[in-house]
There are 4 protein chains.
Amino acid sequence: MKKDKPKYKLIIDAAVVVIAENGYHHAQVSKIAKQAGVADGTIYLYFKNKEDILISLFEEKMGQFVQKIRKKMADTEDAVEQLKVLVESHFQMLADDHHLAIVTQLELRQSNKDIRMRINKVLKEYLVLVDDVLQNGVETGVLSEDLDIRLARQMVFGTIDEVATSWVINDQKYSITELSPGVHRLLVKGLCK
Amino acid sequence: MKKDKPKYKLIIDAAVVVIAENGYHHAQVSKIAKQAGVADGTIYLYFKNKEDILISLFEEKMGQFVQKIRKKMADTEDAVEQLKVLVESHFQMLADDHHLAIVTQLELRQSNKDIRMRINKVLKEYLVLVDDVLQNGVETGVLSEDLDIRLARQMVFGTIDEVATSWVINDQKYSITELSPGVHRLLVKGLCK
Amino acid sequence: MKKDKPKYKLIIDAAVVVIAENGYHHAQVSKIAKQAGVADGTIYLYFKNKEDILISLFEEKMGQFVQKIRKKMADTEDAVEQLKVLVESHFQMLADDHHLAIVTQLELRQSNKDIRMRINKVLKEYLVLVDDVLQNGVETGVLSEDLDIRLARQMVFGTIDEVATSWVINDQKYSITELSPGVHRLLVKGLCK
Amino acid sequence: MKKDKPKYKLIIDAAVVVIAENGYHHAQVSKIAKQAGVADGTIYLYFKNKEDILISLFEEKMGQFVQKIRKKMADTEDAVEQLKVLVESHFQMLADDHHLAIVTQLELRQSNKDIRMRINKVLKEYLVLVDDVLQNGVETGVLSEDLDIRLARQMVFGTIDEVATSWVINDQKYSITELSPGVHRLLVKGLCK
DNA sequence: TATGAATGAGACTTCATTCAT
DNA sequence: GATGAATGAAGTCTCATTCAT
């Protein structure tokens with residue numbers, strides 16, 4: 001399995017750094033190779049093409065992420081509480097890796113439609129996770145019984161994503177983790193009193 | 001004033017069509033010129049360069065948009081009602097121009113950081129509009145008194161944007177305007193019952 | 001005769017200023033028109049094309065120049081003295097019109113081979129003038145009897161031209177007219193004592 | 001060192017041929033690449049941009065030239081004799097490479113001011129060489145003791161350059177090397193007998 | 001496995017010139 | 001005669017990918 005060879009991860013991590021520091025459009029394959037300490041051609045022994053690096057990057061990082069959250073959420077069965085864990089974990093992950101935060105919130109979005117479609121496929125796992133929480137909430141009666149799950153999920157994801165993006169655009173200069181209680185409260189209770 | 005000359009709008013509208021149909025990265029200046037029915041060089045009598053077309057496009061369309069909403073919102077002073085108008089109008093605008101929807105929700109986001117920064121400046125006007133509604137709501141007591149305006153605005157915008165993007169990704173095959181009551185309700189009341 | 005109409009000279013003088021201030025490659029027809037206070041299209045009522053402006057410019061200015069020198073040289077029949085007048089007059093003309101000096105010594109030389117060939121044709125008149133002086137000098141016995149007229153002319157012209165060009169490149173910051181005695185002496189006596 | 005790789009010189013020599021045969025303004029990079037037998041992109045592995053080719057070309061060829069002359073001039077200490085070597089060598093170099101003669105005497109002079117400034121820097125070395133000869137001549141008493149070195153150098157260079165340019169303009173149809181005694185005699189003794 | 005020199009397609013922009021008014 | 005908006009051809013350079021070593 002290629003993914004287990006040491007250079008696979010080496011190249012992906014190099015890609016994160018190079019994209020974060022140079023921006024998506026200046027992240028040439030040769031720069032990634034240099035950062036990883038391998039020859040340009042070596043990249044193509046592990047990845048089909050440049051797109052493949054980006055998608056693998058997202059798969060690798062996002063996959064870990066979903067697994068982590070699922071584990072953490074296992075501690076409770078209360079959907080509201082699970083949502084809290086979700087928001088906290090999401091923000092925590094971004095806060096833990098500043099480079100990755102830049103890459104996922106800003107740079108990777110400049111990729112072309114093709115790549116973005118395939119990234120969305122990876123994202124689906126995360127969205128299913130959200131759906132599960134919401135579904136659970138409706139079934140256990142802690143969330144509104146006539147909740148439109150799809151819309152609700154879009155609110156949850158859209159809100160978390162926008163808060164995260166704003167934080168990155170503002171150079172991550174405040175603590176995003178401290179925002180989770182406020183975000184959680186807004187999602188659960190809405191704008192009204 | 002160049003913006004008042006007929007070809008200015010002609011070219012911008014051509015750009016919307018070409019970008020929507022070919023994607024951001026395949027929207028060559030020559031294609032836009034052809035679609036507008038002018039010579040390549042004519043573009044440069046009205047725009048400094050290709051970037052300038054894109055930014056002007058966004059300014060022109062978004063500017064109109066903010067003005068329209070402000071006018072509609074003038075009918076009521078109730079923040080909750082104003083929010084409803086906001087969501088409805090936003091979705092309506094996207095539904096009214098399928099090409100523009102693709103361009104603003106998908107294609108323009110692939111532009112480089114420079115352009116995106118300048119697009120964000122235009123977007124700010126819209127965000128200020130949201131802030132005004134929320135501020136009004138807090139002051140008149142219809143919204144939660146301890147609302148974090150910035151977070152709340154990020155929820156409102158993030159949700160609307162995510163709903164819109166999903167709709168475009170799914171080829172606009174359902175009615176987005178019919179979603180406004182649900183979105184509005186979610187924003188105001190949250191996920192709980 | 002087009003050359004007698006007021007706008008003909010107006011445009012040529014505008015061209016001198018524009019080329020001197022912007023350099024040959026940035027001297028667009030539209031700039032020349034603006035400087036002359038006429039419309040772009042008007043240029044083409046007086047000149048066949050852009051080349052024609054440049055060649056006419058040279059003809060006009062250089063023609064006057066040769067006539068002036070011939071007149072001044074008529075005062076004496078001594079070739080050595082005539083050569084002195086030649087050098088002095090040449091330098092004086094350049095000192096009198098700083099813009100023209102830049103144009104003839106630096107900018108016009110960047111024109112393509114075609115234009116330069118035609119400029120050389122105009123220059124020929126000047127070279128014939130030099131030949132006449134030298135021929136006269138040989139015949140009257142004041143110059144070396146076995147002088148190779150062509151080579152001698154190339155030395156005279158090459159020297160004057162190089163001194164002038166160096167002066168322009170150094171921003172005309174010293175007096176070129178004061179150099180004429182030295183140049184004259186060098187040409188006549190050579191480097192030896 | 002890039003300059004030592006075989007393709008570096010290959011491309012420079014191709015540039016000389018292409019510029020000589022097509023003229024400066026029609027010497028596209030693609031033509032140079034074709035002449036050199038490499039891909040367009042390969043050019044940019046060895047040169048920063050098109051300007052860089054031209055400047056390198058001049059540096060390379062002119063650098064060799066100055067070294068050659070210095071070596072030849074080492075045989076004698078007599079300034080008059082050294083001057084003879086200088087003129088002969090200069091003409092010999094041009095006669096040896098007809099393409100290069102066209103490029104340096106005619107085509108490269110059409111380059112823009114930027115390039116010409118940098119070419120002048122290379123040329124300076126040559127001018128210093130001339131200055132050294134003249135200085136030596138004055139100090140050893142073979143040249144006029146009150147010689148203005150700068151003016152004298154301008155006469156030497158201006159004369160050589162003008163003779164060379166005329167020869168190239170006339171399609172190199174006579175032998176330029178045979179002119180060196182005449183030119184040398186003129187420079188040393190002047191026009192008088 | 002690993003290397004890295006070489007490849008070559010593809011698009012933005014300028015500006016001399018025209019011609020309907 | 002005068003205008004100036006419109007035209008459209010043409011060239012530099014980047015960078016993902018390959019393949020001989």
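All chains are named by letter (A, B, ...) in the order of the sequence lines, taking the proteins before the strands, and each is independently numbered beginning at 1.
DNA chain E contains the following stems of three or more consecutive Watson-Crick or G-U pairs, with both distances under 3.5 Å: E:2-21 with F:2-21.
The side chain to side chain contact (heavy atoms under 4.5 Å, CB included) test applied to C:I169 returns C:L106, C:T165, D:N120, not counting sequence neighbours. Taking the side chain to side chain contact (heavy atoms under 4.5 Å, CB included) definition, one finds that A:D52 meets it with A:F47, A:K48, A:N49, A:S56, sequence neighbours left out. In this structure B:F65 satisfies the ring-ring contact (aromatic ring centres under 6.0 Å, His included) test together with B:H90, B:Y126, sequence neighbours excluded. Contacts of D:K34 classified as side-chain hydrogen bond (donor to acceptor under 3.5 Å, both in side chains), with partners at least two apart in sequence or in another chain: none. With sequence neighbours excluded, no residue satisfies side-chain hydrogen bond (donor to acceptor under 3.5 Å, both in side chains) with C:E59. In this view, A:K124 satisfies the salt bridge (charged side-chain N to carboxylate O under 4.0 Å, His left out) rule with no residue, not counting sequence neighbours. Taking the ring-ring contact (aromatic ring centres under 6.0 Å, His included) definition, one finds that B:H25 meets it with A:H25, sequence neighbours left out.
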Are there any protein N/O atoms within less than 3.5 Å of an N/O atom in nucleotides 19-21 of chain F, and if so, which ones and at what distance?
none

Could you give the side-chain donor-acceptor pairs of residues 11-22 of chain C under 3.5 Å, partners two or more places apart or in another chain?
{"residue": "C:D13", "atom": "OD1", "partner": "C:K61", "partner atom": "NZ", "Å": "3.1"}
{"residue": "C:E21", "atom": "OE2", "partner": "C:H99", "partner atom": "NE2", "Å": "3.4"}
{"residue": "C:N22", "atom": "ND2", "partner": "C:V18", "partner atom": "O", "Å": "2.9"}

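A heavy-atom distance below 4.0 Å to DNA chain E is reached by these residues of residues 31-39 of chain D, ordered by number: D:V38, D:A39. In the region residues 9-28 of chain B, proximity to DNA chain F at under 4.0 angstrom, judged on heavy atoms, holds for none of the residues.
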